[in-house]
Colleague: 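One structure coming up, written as structure tokens, with questions to follow.
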Amino acid sequence: MDVAEILKSLTGAFPEAISEKTAESEIRARAYVDREKVKKVCQYLKGSLQFDHLCSVCGVDYIKRNEFEVVYHIASYNHPVVLTLKVRLPRENPEIESIVSVYWNANWYERETYELFGILFKNHPNLKPLVLPEDMLGEWPLRKDYEGFPNKTARNLV
Amino acid sequence: MEEKLEPDEMIVHLGPQHPMQPGPFRLNLRLKGETVVDADIELGFIHKGIEKILENKTYLQGITIVDRICYLVALVNEECFVGCTEKLLGIEPPERSQYIRVILDELTRIQSHLLGMGEFGEFIGFVSMFMYTIREREEVLSLIDMITGARITHSYLKFGGVRDDLPEGFKEKAIPVLNNLKKSVDDFEEMFHTDRIYRERTVGVGVLTADVAKNLGVSGPPLRATGVPFDIRKNEPYLVYKDLDFKVCTETAGDCFARVQVRLDEIRESIYILEQCFDQIPSGPLFPEGSLYGRRTPVMRVPAGEVFYRVEDPRGEMGMYMISDGSDKPYRVKIRGPYYPTLQALPPLIIGTTVADVAAISGSMDGCTSEADR
């Protein structure tokens with residue numbers, strides 16, 4: 001499978017949800033997806049396009065655009081293409097559907113993204129802090145407006 | 001894990017400081033007799049916040065920070081970080097630098113596997129194994145020391161090349177070490193195959209099937225021990241790996257014995273790669289000609305963009321996702337370490353086994369908690 005084929009198949013299946021798709025190179029592709037459709041798209045990727053290996057889930061804080069992005073890197077054990085799937089979330093209401101039921105190993109990545117950025121993953125089986133102590137919940141250290149431990153950022157979200 | 005216990009159950013906490021695994025993490029086991037019925041991992045004891053630190057350092061300073069993710073594989077981490085930046089800058093190191101990087105990556109793989117095997121031997125009570133492998137590892141570390149001037153954290157890779165050339169007479173010093181190592185690896189293999197206690201502790205213990213391993217997102221030797229030939233050096237060649245001849249080592253059993261066997265075979269393949277590198281390495285400059293980049297790169301702005309680059313770490317797939325906003329510091333670096341999914345896969349693997357096998361299974365994964373915590 002090559003990048004063009006994958007992107008064509010993806011837009012064919014989800015014409016409304018996929019936007020700004022680009023082929024960066026022969027083995028890298030990138031696309032934005034609507035936040036409601038991310039789980040369906042992941043199911044399609046795993047079931048029909050051989051994307052059976054989730055590399056990582058991470059958050060990015062674009063503070064100037066007042067939004068977060070959740071970035072999924074999904075690869076395959078069979079072909080070398082890595083798909084970068086991105087979702088835009090508003091900073092006031094960072095909520096997205098969990099994909100743990102599709103990719104088992106998304107569990108820890110989503111917990112980590114939650115405690116470092118404050119992005120809520122709905123229907124996650126066990127959304128609690130993983131690498132930080134529990135009294136740091138609500139600090140969101142990887143946000144760009146984080147000022148250091150005693151100072152709080154966005155305390156109102158917890 | 002549920003707090004309420006049946007009358008014949010108990011909870012055993014392994015860790016945070018336990019010789020079962022280097023680095024602090026806690027494994028909570030719920031036991032019924034000697035059988036593990038539930039398991040739960042707590043980590044974060046040494047969370048270093050490296051992703052946040054990298055956002056506040058220039059790219060050149062970042063190289064010294066990524067060394068500390070897992071100091072057993074510092075040079076591979078550097079390769080991943082520097083490779084990301086080079087992709088954003090649009091430069092490629094000249095062939096001589098690429099060969100030197102491959103030499104260092106493979107030496108790193110050899111010493112990491114030697115330590116992993118030795119520690120595994122120690123966990124299951126085969127303490128002399130550790131003495132044998134650590135002796136060989138010191139020789140390999142001395143070779144790395146000759147090139148980079150350091151044994152653990154190197155800061156040797158630079159954007160567009162490497163800091164220094166190979167020292168005079170390096171090949172002549174390396175060949176006898178590698179030849180000795182070949183003999184030692186054969187000895188280790190014979191020990192593993194003939195030692196009855198070793199076999200009884202490892203064969204059929206902690207079996208991971210190919211489908212389960214893929215579903216758990218595992219990579220590296222634990223995955224290859226289940227028969228899946230997934231290796232970034234072959235699937236997505238970087239540096240000069242496409243010009244080198246080597247095979248992906250696989251086993252089919254998927255148990256602790258197979259995982260150690262894969263590491264043994266990989267040491268042999270790495271030696272073979274090194275021998276080819278010594279024969280093929282061309283002479284030439286270390287940095288791209290006429291470029292701004294060199295041994296001391298001044299304050300450097302990286303064009304805006306983003307890249308995801310992955311390399312084959314001794315423990316599996318190491319990837320970094322780097323975003324640049326055009327300034328002299330990375331906007332965001334996500335580090336996808338190979339041990340993170342493997343550690344996550346530990347509870348499903350040890351549920352149903354006996355408590356004595358927990359150390360064997362955990363040790364055969366060759367973990368680096370430092371890297372999982374970052």
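Note on naming: letters A, B, ... go to the chains in the order of the sequence lines (proteins, then strands), and numbering restarts at 1 for each one.
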Colleague: With rounding to the nearest 0.5 Å, note down the distance linking CG in B:Asp211 to CG in A:Asp52.
Modeller: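 Rounded to the nearest 0.5 Å, the CG-CG separation comes to 10.0 Å.
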Colleague: Less than 4.5 Å to any heavy atom of chain A: does that hold for the side chain of B:Gln344, its backbone, both, or neither?
Modeller: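 The answer is both parts of B:Gln344.
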Colleague: Measuring heavy-atom distances to chain B, does A:Val57 have an atom under 4.5 Å in its side chain, in its backbone, in both, or in neither?
Modeller: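 The backbone, not the side chain.
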Colleague: Select one option (side chain, backbone, both, neither) describing which atoms of B:Pro348 are under 4.5 Å from chain A's heavy atoms.
Modeller: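 Contact with chain A is through the side chain of B:Pro348 alone.
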Colleague: Does any non-hydrogen side-chain atom of A:Cys58 lie less than 4.5 Å from one of B:Arg336?
Modeller: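 Sidechains of A:Cys58 and B:Arg336: no contact.
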Colleague: Just wondering, do A:His73 and B:Arg310 contact through their side chains at under 4.5 Å, heavy atoms?
Modeller: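 Sidechains of A:His73 and B:Arg310: no contact.
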Colleague: So, the side chain of B:Lys334 versus the backbone of A:Ser56: is there a donor-acceptor pair under 3.5 Å, distance only?
Modeller: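 Such a contact is absent between B:Lys334 side chain and A:Ser56 backbone.
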Colleague: Rounded to the nearest 0.5 Å, how far does OH of A:Tyr77 lie from CG of B:Asn235?
Modeller: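 With rounding to 0.5 Å, CG (B:Asn235) is 11.0 Å from OH (A:Tyr77).
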Colleague: Does B:Tyr331 offer a backbone N or O that forms a donor-acceptor pair with the side chain of A:Lys144 under 3.5 Å?
Modeller: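 At least one qualifying donor-acceptor pair exists.
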Colleague: For A:Tyr62, is it the side chain, the backbone, both, or neither that has a heavy atom closer than 4.5 Å to a heavy atom of chain B?
Modeller: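 Looking at A:Tyr62, backbone and side chain both touch chain B.
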Colleague: Please tabulate, for the side chains in residues 4-12 of chain A, all donor-acceptor contacts under 3.5 angstrom to protein atoms that are two or more places apart in sequence or on a different chain.
Modeller:
{"from": "A:Ser9", "atom 1": "OG", "to": "A:Tyr44", "atom 2": "OH", "distance (Å)": "2.8"}
{"from": "A:Thr11", "atom 1": "OG1", "to": "A:Leu7", "atom 2": "O", "distance (Å)": "2.6"}
{"from": "A:Thr11", "atom 1": "OG1", "to": "A:Lys8", "atom 2": "O", "distance (Å)": "3.2"}

Colleague: Hey, what do you get for CD (A:Glu112) to CZ (B:Arg374), rounding to the nearest 0.5 Å?
Modeller: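 Rounded to the nearest 0.5 Å, the CD-CZ separation comes out at 4.5 Å.
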Colleague: Any side-chain heavy-atom pair from B:Glu306 and A:Lys86 closer than 4.5 angstrom?
Modeller: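 Answer yes - side chains close enough.
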Colleague: With heavy-atom distances below 4.5 Å as the criterion, would you say the side chains of A:Trp104 and B:Val212 are in contact?
Modeller: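 No, every pair of side-chain atoms sits at 4.5 Å or beyond.
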Colleague: Please classify the contact between A:Ser76 and chain B as side chain, backbone, both or neither, with a heavy-atom cut-off of under 4.5 Å.
Modeller: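 When you check distances to chain B, only backbone atoms of A:Ser76 fall under 4.5 Å.
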Colleague: Are A:Lys64 and B:Asp325 packed together at the side-chain level, in the sense that at least one heavy-atom pair is separated by less than 4.5 angstrom?
Modeller: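 A:Lys64 vs B:Asp325: side chains apart.
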Colleague: For the atom pair CD (B:Glu51) and CG (A:Leu116), what is the distance rounded to the nearest 0.5 Å?
Modeller: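 Nearest 0.5 Å value for the CD-CG distance: 7.0 Å.
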Colleague: Contact part of A:Leu130 toward chain B, heavy-atom cut-off under 4.5 Å: side chain, backbone, both or neither?
Modeller: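 Interface part for A:Leu130: both.
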Colleague: Pick one of side chain, backbone, both or neither for A:Leu132, based on which atoms fall under 4.5 Å of a heavy atom in chain B.
Modeller: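 Side chain of A:Leu132 only, per the 4.5 Å heavy-atom cut-off to chain B.
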Colleague: Decide yes or no for B:Pro341 and A:Tyr109: does some side-chain heavy atom of the first lie under 4.5 Å from some side-chain heavy atom of the second?
Modeller: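 Touching, per the 4.5 Å side-chain cut-off.
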Colleague: Return the OG1 to CG distance between B:Thr342 and A:Asn105, rounded to the nearest 0.5 Å.
Modeller: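 It is 10.0 Å, given to the nearest 0.5 Å.
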Colleague: Can A:Glu24 and B:Lys87 be said to form a salt bridge (charged side-chain N to carboxylate O under 4.0 Å, His left out), step by step?
Modeller: CA-CA 12 Å; A:Glu24 290 173 316; B:Lys87 288 253 180 333; over 6 Å; no
Colleague: Quick check: do B:Phe230 and A:Asn78 have side-chain heavy atoms less than 4.5 Å from each other?
Modeller: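 No, their side chains stay 4.5 Å or more apart.
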Colleague: For a 4.5 angstrom cut-off between non-hydrogen side-chain atoms, does B:Phe308 reach A:Cys55?
Modeller: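 The answer is yes; the side chains approach within 4.5 Å.
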Colleague: Of the backbone (N, CA, C, O) and the side chain (C-beta and beyond), which part of A:Asn126 lies under 4.5 Å from a heavy atom of chain B, both, or neither?
Modeller: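 Neither the backbone nor the side chain of A:Asn126 comes within 4.5 Å of chain B.
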Colleague: If I measure from the heavy atoms of chain B, does A:Val82 come under 4.5 Å with its side chain, its backbone, both, or neither?
Modeller: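 Just the side chain, heavy atoms under 4.5 Å.
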